[in-house]
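Heads up, the thing below is written out as structure tokens.
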Amino acid sequence: MKPSLLEVEDLHVRFPLAQGMLEAVRGVSFTLGHERLGIVGESGSGKSQTGRAILGLTAKPGIVTAKRLAFDGIDLMEAPPRLRRSLRGSRMTMVMQDPSYSLNPVMTVGQQIVEAYRAHKRVSQAEAREAARAMLDAVKISQPDRVMALYPHEVSGGMGQRVMIAMMLITGPDLLIADEPTSALDVTVRIEVLRILDQLVAERGMGLILISHDLEMVASFCDRILVMYAGRIVEELSSGNLDQAQHPYTRGLMGCVPKLSGDRHPLPVLTRDPDWAR
Amino acid sequence: MAGAILEARNLSVRFGVGRLTIAAVEDFSFALQAGESLGLVGESGSGKSTVLRAVTGLNKPAGGTILLDGTPLAMPRGLAFYSAVQMVFQDPYASLHPRHTVDQILAEPLAIHRVADPQPRILAALDEVGLGPSYRFRYPHQLSGGQRQRIAIARALILRPRIVLLDEPTSALDASVQAEILNLLEQLRRDLGLSYMLVSHDLAVVAHLCERLIVMRGGRMVETTTAAALRDGSVTEDYTRAMLAASKGFARAPAGTSLSP
Amino acid sequence: MAGASPSLAAWLTTAEPQSRLQARLGHFYQVFRRLARNPTAMAGLVIVVLLVLVAIFAPLLATHSPIESGDLRTQRLLPPGPVFWLGTDDQARDIYSRLLYGSRLTLAVVVLVSVIATPIGLAIGTVSGYFGSWSDRILMRITDIFLAFPRLVLALAFVAALGPGIENAIIAIAITAWPPYARLARAETMTIRNSNFIHAVRLQGGSSARILLKHIVPLCLSSVTVRVTLDMAGIILTAAGLGFLGLGAQPPTPEWGTMIAQGRRFLIDHWWVAAVPGVAIFVVSLGFNLLGDGLRDALDPRSSR
């Protein structure tokens, strides 16, 4: 049998601080095929640190340990830094929350996409430009040539995030980790970006990890959801069975959001049980 | 309109000078009735926060009048205005002075308004927002996001204003903390007889807290509607309908796309 | 590092201070702990504390008079030895004792310059940054004019007009020292003035004076303090330079720069006369630099996460 795209077993991320060790991720295990997986949690749950650890982007002085962390059969814990660097960008990649911080302000959008492509593919400038144009077309940017000549501050938030997606997907990666890709965007734009992401993931058969605080959004987008709390996975759900969530934290998270239909006054409040964090 | 405690008529706010002038708010009017909670909804750049800032005098209007109890307000606003109208900001991390303790933060408005005997008022204000006296001498960095927003609310209420302007008060917070803050705001409004003006991009939050709301886009009013109309979907403008649809979440392969699931 | 007993440390670091004083002290304790973790900063602090102690206790530590000459026939230009620990100069004065008394002058220069220059810089910078528009333009052009003058040359002109002497040297250095602080305070104020916590004070009805004095100045103070500390080395060197040129402290005052100037003539045969005060200037300048660098890290919570 073909190995899963990503295997994570007992992943820990620790940060040594003056006040002692901060355990950001405490024993996370899951496997990912060519599917859409959602990781949901509130701030401090360790969801972003999980995504960063997989890509090897944990900020210093963080320490990552795992019994197994393998991408397409390649053991990432044992892999030399060079191999991890070349995997990152070409076969696994990440889209982050705010495009205005992730794009270089002094390079045009086109130059950045071309550079991202040529960093991993030996092609001519002209071929790379052609690929960039096709990619911008794929993220539904209607005038690719015009947009390629723009600087990041000249594009809107939704456009910027589509540019980011284009830049990250141009090398044809197998795994995309999207960390709050739509949180900085307006609601109407948000749906549009999600639709583009959805279509590309389906067409290219990529594995996707969508990290977000928004349970409803993740549930409407992903096949499978991991709910994280205090560095651990407290529940795993398939997205159709959201209403069958067992863990009180998941149920509390769903209940405490104001809803247009069936709103409650006062809103049910999540009482945190110290047992959940164990 | 009779009975409005806060009102704006044909308000416009512009930024920049000369040819680079941008109209952030154009010909916008609203009336807040006593005891009411009015929502301003819109996406980024709709001018919703600028309206609040114009009311408080942080932005100077280019045209129109703002009236408190039927009396036009002058620039700069006097102390009487600030004891009647207060504001809570979006980001609790940025709205508290980083080097001041909670005690100093809450004492400041009392000192400005020369309130005698501030000590019991500070303790009462902490109690009001559900924080004990043990929080009194902490620095903002020793508090969580929700606790900071409670302090910001306590600061806004310590002068006993009648009107509280809320600028995205929960959008920087986690969902579970948002619920706590929304409940607190609702309870305070009931207990103290406050009027709210809430700015948010989140239709569900606005519908939760407000009876009436104004949808804004590009600095202008799109429509005035009610929370009940949002709930049953009987809104009239296309833009409002689009926002409503978007806030219901992502739906795979809707009609109109060629993608096969 | 701190000699605090465990209970005192707990009192200082508690998450629930019981009074304003405890919260304030706790804050300073945190800054100190961050400073204490930085060995080079601690070295700087030790040097600066030693300078202060030496200046205070100079009469007790000195073995001879710093001004009066010894026996000019037998005690001139003696190398370091058991009687004159660091040797004697051409007037048969004990260099060790002169060095100790000289630290008082160095400290006075440093303290007076910072006491004069810091408030000027802070006031001009925060007012300029907070109000903007024409007040900013006028104040910043004045600052530019002062910045454009080479410090030593302006100080020279000033001393030439007022006459040589340590007091005039201090005034001259202070007048040339404030423009960088004004620039720094202005830049800092411009980022702070549009933050929500300043808006919040305005929405409580706080006056501009209140916002400036109670909210903006304290925030600018830490970065200006760091800058002043880093500038101390330069100030000491300017004072020594003026002394060396004969425009600062006048003989027989045991000012370190003046001492080097006097030792210059014997540099080849009697190196210690000039080298000892030179080393002292070097060590004290280095101390202030290390301390300033450490303070920058300790006071900036972003860098010490």
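The figures here come from the full heavy-atom set of this structure, side chains too, leaving out hydrogens, waters and symmetry mates. Reminder, nothing fancy here: chain letters follow the sequence lines and each chain counts from 1. Values in this document were obtained by computation on a predicted structure and should not be read as measured data.
Your options are A:V187, A:L270, A:V189, and the one with the most heavy-atom pairs under 4.5 Å with chain B is A:V187.
Between the side chains of A:S183 and A:Q97, no donor-acceptor pair of N or O atoms lies under 3.5 Å.
Looking at B:E186, the atoms closer than 4.5 Å to chain A (heavy atoms on both sides) all sit in the side chain, from C-beta outward. With a 4.5 Å cut-off on non-hydrogen atoms, A:R272 touches chain B through its side chain but not through its backbone. The contact between A:E42 and chain B is made by backbone and side chain atoms together, counting heavy-atom distances below 4.5 Å.
Taking OH from A:Y249 and OH from A:Y229, the interatomic distance works out to 7.0 Å, rounded to the nearest 0.5 Å.
For the pair A:T182 and A:D214, the minimum side-chain heavy-atom distance is 4.5 Å or more.
Just one residue in the list B:V55, B:V25, B:L11, B:V199 forms a side-chain contact (heavy atoms from CB on, under 4.5 Å) with B:T50, and that residue is B:V25.
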